[in-house]
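The next block holds one structure in the form of structure tokens; read it before the comments.
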Protein chains: 2
Amino acid sequence: MPKHVDHEGRRRLIAEAVCRLADERGLEGVTLRDVAARAQVSMGAVQRCFSTKEEMLDFALGHVGERIGERVRARLVRSPAQSAGTALGHAATEISLLREEHRAQARVWLAFVAQAVVSEPLAATLKTNYAALEQTFTRLVAEALEDVADAAGAVTEAGDRAAAEPLDPRREARALLALADGLTTHVLIGHLAPQEAHDVLHAHLGALWERAAH
Amino acid sequence: MPKHVDHEGRRRLIAEAVCRLADERGLEGVTLRDVAARAQVSMGAVQRCFSTKEEMLDFALGHVGERIGERVRARLVRSPAQSAGTALGHAATEISLLREEHRAQARVWLAFVAQAVVSEPLAATLKTNYAALEQTFTRLVAEALEDVADAAGAVTEAGDRAAAEPLDPRREARALLALADGLTTHVLIGHLAPQEAHDVLHAHLGALWERAAH
DNA sequence: CACGTACCGATGCGCTTGCATCGGAACCAT
DNA sequence: ATGGTTCCGATGCAAGCGCATCGGTACGTG
């Protein structure tokens, strides 16, 4: 058995080079040669790790998706003492990628989303990620709504609670996810300032609590 | 004075060819040769209309933006008899590009948004369009909120009206716009069905009326 | 210590891209 | 008619692309 290298590690290394390039010049500006140069490996090494360019991009997308998912999860375990409501707020803020240091991730994400519209493998990877996020957020919303409803119920002693439209946790999670994505996009193209997007997002969450409490 | 051709008309013709191609293969798949072929003109004609490819894409983006803006405006004047609230609902539905026949426009729009992140001219064109949309929606939201507040005020006779967080029309308009964009994106990549996105959007609007009426 | 195997980096190939060039066709004023 | 001007479509060109290939190198085993 001759020489052995850490293939998986190299794949991740290359994936991050892809991300850095996609951040700077967009996905169109990502070429095998530039990726190799940025990852400090030769072009042959890139080709041995991924049999085709699309496979490389797909892996890079999965890599970014994992990082984002990890960040949300990390944020949740980092602030467990607080209420489910604030946890949801933190998760939503995290997923919006509004902070300057995550702007690059946001650009990469948007580039991949646009590409996924015309690339079936990318779309599949993307859908898996969104499905996981939706599940996480649905759970968070459900917990937060229960908390608020309980608190309100204790105060009004189970008073007038006949919502015209019942709050569906999954629907609210979907709204939150879509809103976060839309805000991220609008910040990226410069239509909104990060602070403005943050305000909109938290106003939406505030409205959600208000409705939950009646 | 020798031969003269309708330059502006040809530019629009080419812009629509660009859109058809961007819909099918994404913006990366748009080449001068394919555009020329699709628009039934020679490559030289394309080059005479636009001095560079980026200028062509920028014009095409402006073209799409106009079409979308026009559709929203047309929808508004088509249903003037109804309340400001339903008008806002129609406009929001229209801007979400959820209907199958507008899916192509949505794909093109998303492709341009992604490209604008790394292209300053495209970003400028995009920002202009979003600014106009935000203004339109802010006005619609303000009118709708007034209507609802008046109606609620008449019933409760100016009763308990101390919103914890006052409804800012512009902020609500921004939320609506971002939500619509996010939902459109999620439909495009197949994460949500059009019907599901429609439900989320109208649930959001419903919540807005509920809050406005207290 | 030497052998064979698995990896590496460089180079080549065919193709496509955006853009520049140019001879000829089409038009309007004279 | 006719001349001059404007437009057109084909072709050329250099650069860059993804991918395939191949001799050399370094490693782990017998």
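Throughout, protein chains are lettered first and strands after them, A, B, ... in sequence-line order, and every chain is numbered starting at 1. Bear in mind the structure is a predicted one, so any value in this text is a computation, not a measurement.
Nucleic acid contact for A:V30: sugar-phosphate only, since backbone atoms but no base atoms lie under 4.0 Å from a heavy atom of the residue. As judged by a 4.0 angstrom heavy-atom cut-off over every strand, A:V46 is placed among residues making no nucleic acid contact.
The pair A:R103-A:D23 does not meet the salt-bridge criterion, since no charged nitrogen lies less than 4.0 angstrom from a carboxylate oxygen.
The distance from atom CG of A:L57 to atom P of D:dG18 is 9 Å, rounded to the nearest whole Å. Rounding to whole angstrom units, CD1 of residue B:I14 and P of D:dC8 are separated by 10 Å. Counting to the nearest Å, the C1' atom of D:dT21 and the CZ atom of A:R48 are 12 Å from each other. Rounded to whole Å, the distance from CD on A:E55 to C1' on D:dG18 is 14 Å. Atom C1' of nucleotide C:dC15 and atom NZ of A:K53 are separated by 15 Å, given to the nearest angstrom. At whole-Å resolution of the value, CE in A:M43 and P in D:dA20 are 11 Å apart. Between the CZ atom of A:F50 and the C1' atom of C:dC8 there is a distance of 17 Å, rounded to whole Å. In this structure, CE of B:M56 is placed 12 Å from C1' of C:dT17, rounded to the nearest angstrom.
Contact annotation: B:T52 does not reach the phosphate of C:dG18 (side-chain N/O to OP1 or OP2, under 4.0 Å). Checking the phosphate oxygens (OP1, OP2) of D:dC8, a side-chain nitrogen or oxygen of B:R10 falls inside 4.0 Å.
Relative ring orientation between A:F59 and A:F50 is described as tilted, the plane-to-plane angle lying within the 30° to 60° band.
When each of C:dC19, C:dC8, D:dC17 is scored by its nearest atom to the side-chain atoms of A:T31, the top-ranked nucleotide is D:dC17. Picking from D:dG18, C:dA20, D:dG9 the nucleotide with the shortest atom distance to the side chain of B:A45 gives D:dG9. Side-chain proximity of B:L32 to C:dG18, D:dC17, D:dG18: nearest is C:dG18.
Looking at B:T125 and B:D58, their side chains do bring a donor and an acceptor atom within 3.5 Å of each other. A donor-acceptor contact under 3.5 angstrom links the side chains of B:S51 and B:E55, judged on distance only. For the residue pair B:E196/B:H186, the side-chain donor-acceptor check at 3.5 Å is not satisfied.
Consecutive Watson-Crick or G-U pairs involving DNA chain C, each under 3.5 Å on both distances, make up stems of three or more pairs at C:1-30 with D:1-30.
At least one donor-acceptor pair closer than 3.5 Å links the side chain of A:T93 to the backbone N or O of A:G89.
Residue side chain A:R33 does not reach the base of D:dG16 through any donor-acceptor N/O pair under 3.5 Å, judged by distance alone.
For B:S42 and A:Q47, each mapped to the nucleotide of DNA chain D holding its nearest heavy atom, the one lying further toward the 5' end belongs to B:S42.
A 4.5 Å side-chain heavy-atom check between B:R38 and B:E16 finds every atom pair outside the cut-off.
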